[in-house]
Protein chains: 2
Amino acid sequence: MPHTARTAASRQNGGRYGTRPTMKDVAAQAGVGLKTVSRVVNGEAGVSSDTERRVQEAITALGFRRNDSARVLRKGSTASIGLVLEDLADPFYSPLSRAVEEIARAHGALLINGSSAEDPERERELALALCARRVDGLIIVPASDDHRYLEPEIAAGVATVFVDRPPGRIDADMVLSDSANGAREGVTHLIAHGHRRIGFIGDHPRIHTARERLRGYREAMADAGLPSPDSWMALGGTDPERVRADAARMLAGPEPVTALFAGNNRVTVTLVRVLAEIAEREHPVALVGFDDFELADLLSPPVTVVAQDPAELGRSAAELLFRRLDGADDPPRRVTRPTRLVTRGSGEVPPPA
Amino acid sequence: MPHTARTAASRQNGGRYGTRPTMKDVAAQAGVGLKTVSRVVNGEAGVSSDTERRVQEAITALGFRRNDSARVLRKGSTASIGLVLEDLADPFYSPLSRAVEEIARAHGALLINGSSAEDPERERELALALCARRVDGLIIVPASDDHRYLEPEIAAGVATVFVDRPPGRIDADMVLSDSANGAREGVTHLIAHGHRRIGFIGDHPRIHTARERLRGYREAMADAGLPSPDSWMALGGTDPERVRADAARMLAGPEPVTALFAGNNRVTVTLVRVLAEIAEREHPVALVGFDDFELADLLSPPVTVVAQDPAELGRSAAELLFRRLDGADDPPRRVTRPTRLVTRGSGEVPPPA
DNA sequence: CTGAAAGCGCTAACAT
DNA sequence: ATGTTAGCGCTTTCAG
């Protein structure tokens, strides 16, 4: 806490910094008791309209604003929930966050969210900081694979729901997309369009969804009796340079892949760029991406995707959380949301003759 | 505060809900005084390593987590800042939010953000709720045009910075893009490429940036000695249907516009769609959009934009805020960030011969 | 190096 | 309808 706003504030208010009025001050100003002010501030019944008016005037005159820290300390509940995700600026997660915010708002709760930047330690710090602020509940997109650090918090009553990826080493509610089946469907679609050499480029293998989507890819290939050598699979994260290198490798050599499956929206966007750059030189490469994204339908060719609904994931997770906060005590649930194959063109490009 | 997690939590912890251990409990368990626990928890000096170890063991055994509400109540500062913006899921605002989060993190502060959904009343509710939680500072993308409601808060020492749009009826720090000049540059670019009938489609006129960009459009037209009749200007918000209708109107009739200027990224995306739909039937219409967006360079034609840097806006605002929190007391500043014309193709389409 | 006491601003419980 | 008292869990102050 290195910040003291004294000087700046003094300038703005003529030196009255720290003069935050309290209910006691309001009570004195209005000539009433403390509890009466509390009643007015909280809209409780049992205050005559005349008294209420006097209190309201005092509140306005003094610029009083209730101190919620004191309130929380006394009441034990904060009417706020926390959301820890990978990156608030990722177009997959920002609608998820917004959906959670709307549900929270409908329940009169404030949402506090933080980005883990895919760093397990940062996820932990954030989640525990939120617990220290006594959020009523927590929604987490895991970066970590071990959530035992949350056990004391859960034991103390912090409702916890995991979304997009399952929790590690604890039993808790979770809301997931059906990654494996989605990927299998996408890859099967490519196979149906004649492809036999298909590459998979996905996120780090430590990420559950990356592993699941790879599994779907492998199953689809195996089901069709196709080989899937290691050189056709790259799980190295979403760094564009890395994705470019992997794609270049798979597209080179005597037996290049004729189609690519992208493990998430970041990879898809990079692959769209890569394929656009080589479009003029070679036979077009087919592409199916996991996750839908804005403008996918306006690219050339339009991009076929396995779509998830991130807002729906957020809504489901938030609703599950508030069910818990309202007292639901059935065993932890695993909610799986289906994906949807959206064919637009890039996934229907045939292999070279 | 309708939520009691009792039942759900009881299930998870065997009925020990509410047994959140306090420092007092830890002190008893470790056989030391309360203040010693406080010292250990806060990493203060003056505790023997033996005592410290005993306290740490008690903390772990009991699952103690400091209650920050009590801490805040006592200390007065929360080490958190608030950000109120239009929509966390908008690709323009989510990087802004993320940038603020990173600066806050570097200063040891937590960011709490909320979406106003462009509703002035909701902006006010959110900002005041954050003040009630005693955030140290506030960054606001205004939806309202009157921020006098913040006067008591600012007087009480809440540092406040406005970003993307100026505050209404109060004097405060602000960080803005140079909307008028950016728009003028974009429209002048279209004029330089031979266009004389150019339409402007932007956001609601109650939004400052929409008015400023319209002003830039008008100035560019006037500077070139071109007329800009009302029928070539539409400020009706970003609803796609509305934008479509406005575009259809401007593109119809005997003297249709040959180029369009889009007031923000939402409008641009809709216009890209509209123009793609009519591309086969007519001479291509030129397009320049305010705000850059992902994949703009991969559309056909690639979209020329007047780019702002939302992350940089967020960083500037956050740095200004922390300067205030660190005591800077110079008069409120108005920081203006330049825009950048990025030519990609759609803005260089010539008018029909 | 350690601890006891006071109190931050509010609400719950109990008067009146 | 209104007021009084106690205490939420922590940090500050001051004493050992």
Side-chain angles (χ1 to χ4, degrees), chain A residues 1 4 17-56 58-59 62-79 129 131-134 136 156-157, chain B residues 1-2 4 17-56 58-59 62-79 129 131-134 156-157:
Chain A
M1 230 115 9
T4 49
Y17 178 80
T19 350
R20 270 269 183 205
T22 70
M23 282 192 181
K24 199 174 155 193
D25 300 325
V26 175
Q29 168 92 9
V32 301
L34 178 56
K35 180 62 201 180
T36 300
V37 177
S38 175
R39 287 197 178 94
V40 171
V41 169
N42 295 301
E44 284 169 34
V47 181
S48 77
S49 61
D50 183 59
T51 312
E52 173 164 1
R53 194 179 37 71
R54 289 220 317 287
V55 171
Q56 285 294 6
I59 288 175
L62 265 42
F64 168 80
R65 173 114 11 241
R66 182 179 67 198
N67 185 331
D68 276 355
S69 291
R71 174 172 228 252
V72 164
L73 180 57
R74 190 60 243 244
K75 298 200 66 152
S77 158
T78 53
C131 289
R133 275 159 209 256
R134 295 294 186 267
D136 299 330
Chain B
M1 231 114 9
T4 48
Y17 177 81
T19 349
R20 270 269 184 206
T22 70
M23 282 191 179
K24 197 175 157 193
D25 301 324
V26 175
Q29 168 92 9
V32 301
L34 178 57
K35 177 65 203 176
T36 300
V37 177
S38 174
R39 288 198 179 93
V40 171
V41 168
N42 296 301
E44 285 169 34
V47 181
S48 76
S49 62
D50 184 57
T51 311
E52 174 164 1
R53 194 180 36 72
R54 289 221 316 288
V55 171
Q56 286 292 9
I59 287 175
L62 265 43
F64 168 80
R65 174 112 14 237
R66 182 179 66 198
N67 184 330
D68 277 355
S69 292
R71 172 173 229 248
V72 164
L73 180 58
R74 192 61 242 240
K75 299 199 66 154
S77 158
T78 54
C131 289
R133 277 162 208 252
R134 295 295 186 268

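Computed from a prediction, not measured in an experiment: that's the story for all the values here. Quick note: numbers below take in every heavy atom, side chains included, and nothing from hydrogens, waters or symmetry partners.
- Taking atom CD of B:Glu52 as the reference point, atom C1' of C:dC1 lies 13 Å away to the nearest angstrom.
- Across all strands shown, A:Arg66 has heavy atoms under 4.0 Å from sugar-phosphate atoms exclusively, and none from any base.
- In this structure, B:Met23 atom CE and D:dG9 atom P are separated by 12 Å, rounded to whole Å.
- Looking at which nucleotide of DNA chain C each of B:Val47 and A:Val41 is closest to, the 5′-most match is held by B:Val47.
- Per the geometry, CZ belonging to B:Arg39 stands 11 Å off C1' belonging to D:dT11, to the nearest Å.
- One can place CG of A:Asp68 at 17 Å from C1' of D:dG9, the figure rounded to the nearest angstrom.
- In this structure, CZ of B:Arg133 is placed 18 Å from P of C:dG9, rounded to the nearest angstrom.
- Between B:Cys131 and A:Arg65 the shortest heavy-atom distance is CB-CD, 4.3 Å.
- OP1 or OP2 of C:dT2 has at least one side-chain nitrogen or oxygen of B:Thr51 nearer than 4.0 Å.
- The distance between atom CZ of A:Arg71 and atom P of D:dG9, rounded to the nearest whole Å, is 17 Å.
- Residue A:Val32 is in sugar-phosphate contact alone, with no base atom involved, counting any heavy-atom pair closer than 4.0 Å across all strands shown.
- D:dT4 atom P lies 14 Å from atom NZ of A:Lys35, rounded to whole Å.
- Without hydrogens or angle criteria, B:Asn67 side chain to A:Arg133 main chain gives no donor-acceptor distance under 3.5 Å.
- For B:Lys24, no side-chain nitrogen or oxygen approaches OP1 or OP2 of D:dC10 to under 4.0 Å.
- Of the options B:Arg71, B:Met23, B:Arg66, a side-chain contact (heavy atoms from CB on, under 4.5 Å) to B:Ser38 is made by B:Met23 and by none of the others.
- Residue-to-nucleotide contacts include no donor-acceptor pair under 3.5 Å from the side chain of A:Arg134 to the base of D:dG9.
- OP1 or OP2 of D:dT11 lies within a sub-4.0 Å distance of a side-chain N or O belonging to B:Asn42.
- Rounded to a whole Å, the CG atom of A:Leu34 is 19 Å from the P atom of C:dT16.
- For A:Thr36 and D:dG3, the shortest distance from a side-chain N or O to OP1 or OP2 is below 4.0 Å.
- The shortest heavy-atom contact between B:Pro21 and B:Asp25 is CA-OD2, 3.2 Å.
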